[in-house]
**Q** 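Submitted below is the structure of interest, expressed as structure tokens.
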Amino acid sequence: MTTSDAIVVPELYSGYPQVAFGGYVAGVLAERSGARSVRVDFRGPVPVEVPVRIAETAGGGVELGEAERPLAAARPAELPLDAPAAPSWDQAAAAAERFRAAPPSGVVDCFGCGLRPADRGLRVYCAPVPDLGLVASAWTPSRAFADPDGLLPPHLVWGALDCPGNWAGRFLGTQRPGAVTASLTGRVLRPVAAGEPHISYAWLVSESGRKHTMGVALATAEGELCAVSEALWIDPRPAS
């Protein structure tokens with residue numbers, strides 16, 4: 001990769017209208033970094049269908065946007081996250097069905113958790129699992145997104161580590177609709193096979209005012225961890 005070039009985020013990978021999906025952006029920057037664990041800080045909305053500068057920075061970092069005011073920045077980081085055991089496939093499937101049957105307020109046409117066709121989104125639909133203090137979704141990534149080896153590209157695995165944190169904050173905490181990802185620290189532990197059943201789940205770590213911290217994990221249907229993340233979400237400012 002050259003020191004500085006540009007990328008265009010296709011509209012397919014939108015989170016909010018005309019804004020790139022944070023999980024996808026984080027995954028692209030994490031892949032460019034090449035570090036085992038990466039923290040991505042979001043400082044402004046990344047547009048879709050517009051060339052945006054991407055550049056390497058010191059110490060294995062990567063930034064997106066103008067050097068004077070980057071929209072997102074990634075750097076190697078530690079991730080001391082102790083993930084709880086995954087719920088069962090049946091528990092996760094029941095939670096996902098509850099989400100689909102009665103979508104919660106605030107659902108938008110998001111690549112990660114929007115109500116899209118299977119070839120247009122990840123469709124990670126997390127709802128609470130009774131008595132476990134978790135939200136979860138049974139999830140089978142579409143083969144439409146597979147690479148030539150039948151695996152989900154790492155930047156899309158990162159996509160599955162974003163939205164579950166939002167729904168953990170909404171269902172388990174006090175997070176408000178319209179919150180955005182302020183930072184996402186993640187690590188992919190093993191390949192994720194497209195077309196195979198997985199469980200995505202998240203839990204509340206802490207809250208302070210407008211700030212909400214959640215843990216997220218992705219596991220096989222048998223409960224073997226594939227990826228983990230810690231996310232900071234921030235509520236929109238109250239209307240004045």
Side-chain angles (χ1 to χ4, degrees), residues 21-43 56-64 70 72-88 92 112 122 124 126 128-129 131-137 139 152-175 179-192 198-220 222-235:
F21 174 47
Y24 174 84
V25 171
V28 169
L29 296 185
E31 281 190 292
R32 293 276 186 133
S33 168
R36 183 165 180 252
S37 299
V38 177
R39 172 174 173 144
V40 180
D41 290 290
F42 297 93
R43 298 166 183 166
E56 297 175 347
T57 57
V62 184
E63 66 183 13
L64 190 63
R75 58 180 171 82
E78 297 296 321
L79 183 59
L81 186 67
D82 187 17
S88 71
L122 297 180
V124 182
C126 286
V129 178
D131 304 320
L132 291 187
L134 300 168
V135 298
S137 174
W139 178 57
L152 197 67
H155 60 269
L156 295 187
V157 177
W158 274 74
L161 296 175
D162 189 9
C163 293
N166 175 49
W167 298 114
R170 288 285 309 280
F171 285 122
L172 307 177
T174 61
Q175 185 177 302
V180 296
T181 314
S183 69
L184 186 64
T185 305
R187 181 191 308 152
V188 178
L189 303 172
R190 53 166 284 167
V192 173
H198 291 80
I199 297 168
S200 182
Y201 61 106
W203 59 98
L204 184 66
V205 175
S206 65
E207 294 185 297
S208 177
R210 294 171 54 224
K211 298 180 178 180
H212 312 269
T213 301
M214 274 70 68
V216 181
L218 178 64
T220 66
E222 295 74 34
E224 183 177 353
L225 282 178
C226 299
V228 291
S229 73
E230 183 175 274
L232 172 64
W233 285 73
I234 296 184
D235 286 331

**Q** Measure the CG-NE2 distance between Asn166 and His212 for me, rounded to the nearest 0.5 Å.
**A**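 Interatomic distance, Asn166 CG to His212 NE2, rounded to 0.5 Å: 10.0 Å.
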**Q** If you take all heavy atoms of Leu156 and Tyr24, which pair is closest and at what distance?
**A**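 Smallest heavy-atom distance, with atoms named: CD2-CD1, 4.0 Å.
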**Q** What do the steps show when you test Phe21 against Cys163 for side-chain contact (heavy atoms from CB on, under 4.5 Å), and what is the final call?
**A** CA-CA 9 Å; Phe21 174 47; Cys163 293; 3.5 Å; yes
**Q** Evaluate the side-chain proximity of Phe171 to Cys126: yes if any heavy-atom separation is below 4.5 Å, no if none is.
**A**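 Sidechains of Phe171 and Cys126: no contact.
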**Q** Is any side-chain heavy atom of Trp167 closer than 4.5 Å to one of Val124?
**A**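 A side-chain contact under 4.5 Å is absent here.
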**Q** Salt bridge (Lys or Arg N to Asp or Glu O under 4.0 Å) with Glu207: which residues, sequence neighbours excluded?
**A** none
**Q** Could you tell me which residues satisfy salt bridge (Lys or Arg N to Asp or Glu O under 4.0 Å) with Arg36, sequence neighbours excluded, listed by chain and number?
**A**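 Per chain and number, Arg36 pairs via salt bridge (Lys or Arg N to Asp or Glu O under 4.0 Å) with no residue.
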**Q** Val180 versus Phe42: any side-chain heavy-atom pair under 4.5 Å?
**A**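 When only atoms from C-beta onward are counted, Phe42 and Val180 do not touch, as no gap falls below 4.5 Å.
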**Q** At their closest point, which heavy atom of Gly165 faces which heavy atom of Gln175, and how far apart are they?
**A** O-OE1, 4.4 Å
**Q** Is the backbone of Leu122 close enough, under 3.5 Å, to the side chain of Trp139 for a donor and an acceptor to pair up by distance?
**A**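 A pair under 3.5 Å: yes.
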**Q** Where do Thr220 and His198 come nearest, in terms of heavy atoms and distance?
**A**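 Between these two residues, the closest heavy atoms are CA-CD2, 4.0 Å.
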**Q** My understanding is that only residues two or more places apart in sequence, or in another chain, count here; which of them pass salt bridge (Lys or Arg N to Asp or Glu O under 4.0 Å) with Glu224?
**A**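 Here the qualifying residues are Arg190.
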**Q** Show the nearest heavy-atom pair for residues Asp41 and Ser183, with the distance to one decimal.
**A**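 Residues Asp41 and Ser183, closest heavy atoms: OD1-CB, 3.3 Å.
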**Q** Picking from Thr185, Leu184, Val157, what satisfies side-chain contact (heavy atoms from CB on, under 4.5 Å) with Ser229?
**A**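 By the side-chain contact (heavy atoms from CB on, under 4.5 Å) criterion, Ser229 pairs with just one of Thr185, Leu184, Val157: Leu184.
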**Q** With distance as the sole test, does Ser33 use its side chain to make a donor-acceptor pair with the main-chain N or O of Gly60 at under 3.5 Å?
**A**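 Yes, the answer is positive, given that a donor and an acceptor are paired below the 3.5 Å cut-off.
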**Q** Could you check if a side-chain atom of Pro84 sits within less than 4.5 angstrom of a side-chain atom of Tyr201, using non-hydrogen atoms only?
**A**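 Of all side-chain heavy-atom pairs linking Tyr201 with Pro84, at least one is under 4.5 Å.
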**Q** Sequence neighbours excluded, which residues qualify as side-chain hydrogen bond (donor to acceptor under 3.5 Å, both in side chains) partners of Ser37?
**A** Arg187
**Q** By salt bridge (Lys or Arg N to Asp or Glu O under 4.0 Å), which residues pair with Asp235, not counting sequence neighbours?
**A** none
**Q** What are the two closest non-hydrogen atoms of Ala202 and Leu172, and how far apart are they?
**A**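 Closest heavy-atom pair between Ala202 and Leu172: O-CD1, 4.2 Å.
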**Q** Would you call Leu29 and Val38 a side-chain contact if the rule is heavy atoms closer than 4.5 Å?
**A**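 When only atoms from C-beta onward are counted, Val38 and Leu29 do not touch, as no gap falls below 4.5 Å.
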**Q** What residues form a side-chain hydrogen bond (donor to acceptor under 3.5 Å, both in side chains) with Thr181, not counting sequence neighbours?
**A** Asp162
**Q** Do Leu134 and Pro87 come close enough that some side-chain heavy atom pair is under 4.5 Å?
**A** yes
**Q** Do you know the tightest heavy-atom contact between Leu161 and Val228?
**A** CD1-O, 3.7 Å
